[in-house]
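Single-structure report; data block below.
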Amino acid sequence: MTIDEYILSHTDEESELLRSLVRDAGVNLLRPRMLSGHLQGRILKMFCRMMRPRRVLEIGTYTGYATLCMAEGLEEGALIHTVEINDEMEDFMMKYISRSPDRDKIRVHFGDAADVVPRLGETFDMVFIDAGKHQYTAYYEMVFPLVRPGGLILADNTLWDGKVAEDPPSSDKQTAGILAFNETVKRDERVEKVILPLRDGLTMLWKK
Ligand SMILES: C[S@@+](CC[C@H](N)C(=O)[O-])C[C@H]1O[C@@H](n2cnc3c(N)ncnc32)[C@H](O)[C@@H]1O
């Protein structure tokens, strides 16, 4: 047994709904690895259990995998707004969201997060940034004023397959975007931050 298998076998299981979503994504989607997956999904749910957010924002829905995991951890009356630019994902994600016992806690919005989020008119207790890597700093600056003090911002893929620590740094746009984001938040004294070396790197930012 590998250590990853050991971790998963001693972590809460995914629901049957999530398992069928993952199988379906593996067969029918081009980039199934973009979805959060078993371990990160259970961690996102646990963050919701611990933070007890009333309002959550996710930027980048894709299949709805992480949305469903976070919704599982929300209390009655709490909501997750999730924003996806690619409306071709609608049929896939709605197939699963509509079958979830937590569907009433989920609001899906299609469009560019830069346009959609300011129009939601909400403040958030928790935000999960997981969309275009070259736009991470822009997403961060957009959501920061909408997060209440004491709220949590999570940003996925902040180690970007280890490319952030390469010397010389890779100059591709996505790596540059992640590097710029990591430098911005490192200098930002309005937040306490930790990069969890989970999967592809998950940065936790706690707003003072
Ligand atoms: C890594 S996937 C999201 C995975 C999902 N959060 C999860 O953990 O299961 C990133 C998604 O962000 C979407 N996206 C990219 N740019 C966006 C933007 N500006 N606004 C909203 N969604 C965007 C992409 O179409 C893609 O579906």
Side-chain angles (χ1 to χ4, degrees), residues 14-15 17-26 28-48 53 56-74 80-97 99-100 102-103 105-120 122 124 126-143 146 152-161 163 172-178 180-181 196 198-204:
E14 301 163 295
S15 63
L17 183 72
L18 290 174
R19 273 199 291 270
S20 35
L21 182 159
V22 171
R23 281 194 298 270
D24 193 358
N28 293 307
L29 298 182
L30 283 178
R31 300 175 65 198
R33 287 189 61 230
M34 287 208 303
L35 63 83
S36 273
H38 183 170
L39 182 62
Q40 186 159 301
R42 291 307 91 192
I43 288 172
L44 291 170
K45 177 183 176 186
M46 189 67 88
F47 279 131
C48 290
V56 179
L57 171 67
E58 177 183 36
I59 302 182
T61 318
Y62 190 43
T63 62
Y65 185 94
T67 322
L68 289 164
C69 295
M70 289 187 277
E72 273 182 55
L74 294 183
I80 175 164
H81 290 276
T82 183
V83 187
E84 173 54 54
I85 201 167
N86 179 7
D87 59 12
E88 289 178 7
M89 288 308 301
E90 182 170 7
D91 288 351
F92 188 101
M93 69 172 79
M94 292 318 296
K95 186 158 85 184
Y96 295 95
I97 291 174
R99 284 158 53 192
S100 164
D102 302 303
R103 60 185 172 272
K105 301 176 190 164
I106 298 172
R107 301 283 181 276
V108 181
H109 308 268
F110 289 98
D112 187 333
D115 301 325
V116 174
V117 174
R119 282 198 250 114
L120 295 175
E122 291 268 26
F124 298 100
M126 194 172 125
V127 175
F128 180 39
I129 299 175
D130 191 16
K133 306 309 159 196
H134 53 287
Q135 289 162 304
Y136 262 36
T137 307
Y139 299 141
Y140 178 68
E141 282 164 1
M142 173 179 71
V143 299
L146 306 178
L152 184 67
I153 302 172
L154 299 166
D156 199 14
N157 309 106
T158 49
L159 296 178
W160 204 232
D161 210 14
K163 289 188 186 161
D172 71 79
K173 252 182 154 181
Q174 298 196 317
T175 308
I178 294 288
F181 171 78
L196 288 183
L198 169 73
R199 220 173 66 121
D200 200 20
L202 182 69
T203 299
M204 304 168 60

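Keep in mind the model is a prediction, meaning the values are calculated, not measured. As the structure lists them, so they are numbered: ligands from 1, and atoms in each ligand from 1.
- A donor-acceptor distance shorter than 3.5 angstrom exists from the side chain of R103 to the backbone of S100, with no hydrogens or angles considered.
- Remark: D130 engages K133 in a salt bridge, criterion side-chain N to carboxylate O under 4.0 Å.
- When heavy-atom distances to ligand 1 are checked against a 4.0 Å cut-off, V116 has no atom that comes that close, whether in backbone or side chain.
- Remark: side-chain polar atoms of D200 are paired, donor with acceptor, to backbone N or O of D161 under 3.5 angstrom.
- Closest to atom 26 (C) of ligand 1, if we only count protein heavy atoms, is E84 OE1, 3.5 Å.
- Between N86 and T61 the shortest side-chain heavy-atom distance does not fall below 4.5 Å.
- For atom 20 (N) of ligand 1, the closest non-hydrogen atom of the protein is A113 N, 2.9 Å.
- Near V83, the atoms of ligand 1 lying under 4.0 angstrom from a non-hydrogen atom of the residue are 21 (C), 22 (N).
- Scanning the protein heavy atoms around atom 18 (C) of ligand 1, the nearest turns out to be Y139 OH, 3.5 Å.
- Set against the non-hydrogen atoms of A131, the atoms of ligand 1 under 4.0 Å away are 12 (O), 14 (N), 15 (C), 16 (N), 17 (C), 23 (C).
- Side-chain contact between I80 and F128: absent, with no pair of heavy atoms (C-beta onward) separated by less than 4.5 Å.
- Within the 3.5 Å criterion, the main-chain N or O of A180 finds no donor-acceptor partner in the side chain of Y136.
- Atom 12 (O) of ligand 1 has G60 CA, 3.3 Å as its closest protein atom, hydrogens excluded (heavy atom only).
- Summary of contacts: the protein heavy atom closest to atom 10 (C) of ligand 1 is D130 O, 3.0 Å.
- Ranking protein heavy atoms by distance to atom 21 (C) of ligand 1, first place goes to I85 N, 3.4 Å.
- For ligand 1, the atoms lying closer than 4.0 Å to a non-hydrogen atom of Y65 are 9 (O).
- At a threshold of 4.0 Å, the pair R42-E72 counts as salt-bridged, since one of the basic side-chain nitrogens sits closer than that to a carboxylate oxygen.
- The distance from ligand 1 to the heavy atoms of G132 drops below 4.0 Å at these ligand atoms: 15 (C), 16 (N).
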Side chain to side chain donor-acceptor pair (under 3.5 Å) evaluation trace for Q40 with D156: CA-CA 10 Å; Q40 186 159 301; D156 199 14; 3.1 Å; yes
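- Atom 8 (O) of ligand 1 has its closest protein heavy atom at S36 OG, 2.6 Å.
- Taking every non-hydrogen atom of G111 and a distance limit under 4.0 Å, the qualifying atoms of ligand 1 come out as 20 (N), 21 (C).
- At distances below 3.5 Å, not a single donor-acceptor pair connects side-chain atoms of Y140 with backbone N or O atoms of I153.
- Scanning all protein heavy atoms for the shortest distance to atom 19 (N) of ligand 1 gives D112 OD1, 3.0 Å.
- The backbone N or O of T175 sits less than 3.5 Å from a side-chain atom of D172, completing a donor-acceptor pair.
- Annotation for ligand 1: atoms under 4.0 Å from non-hydrogen atoms of Y62 are 2 (S), 3 (C), 4 (C), 27 (O).
- Other residues, nucleotides and ligands place more than 12 heavy atoms under 6.0 Å from the CE atom of M94.
- Close approach of ligand 1 to T61 is summarised as follows: ligand atoms under 4.0 Å from at least one heavy atom of the residue are 5 (C).
- Every atom of ligand 1 is numbered from 1 in the order shown, and the set under 4.0 Å from a heavy atom of E58 is 5 (C), 6 (N).
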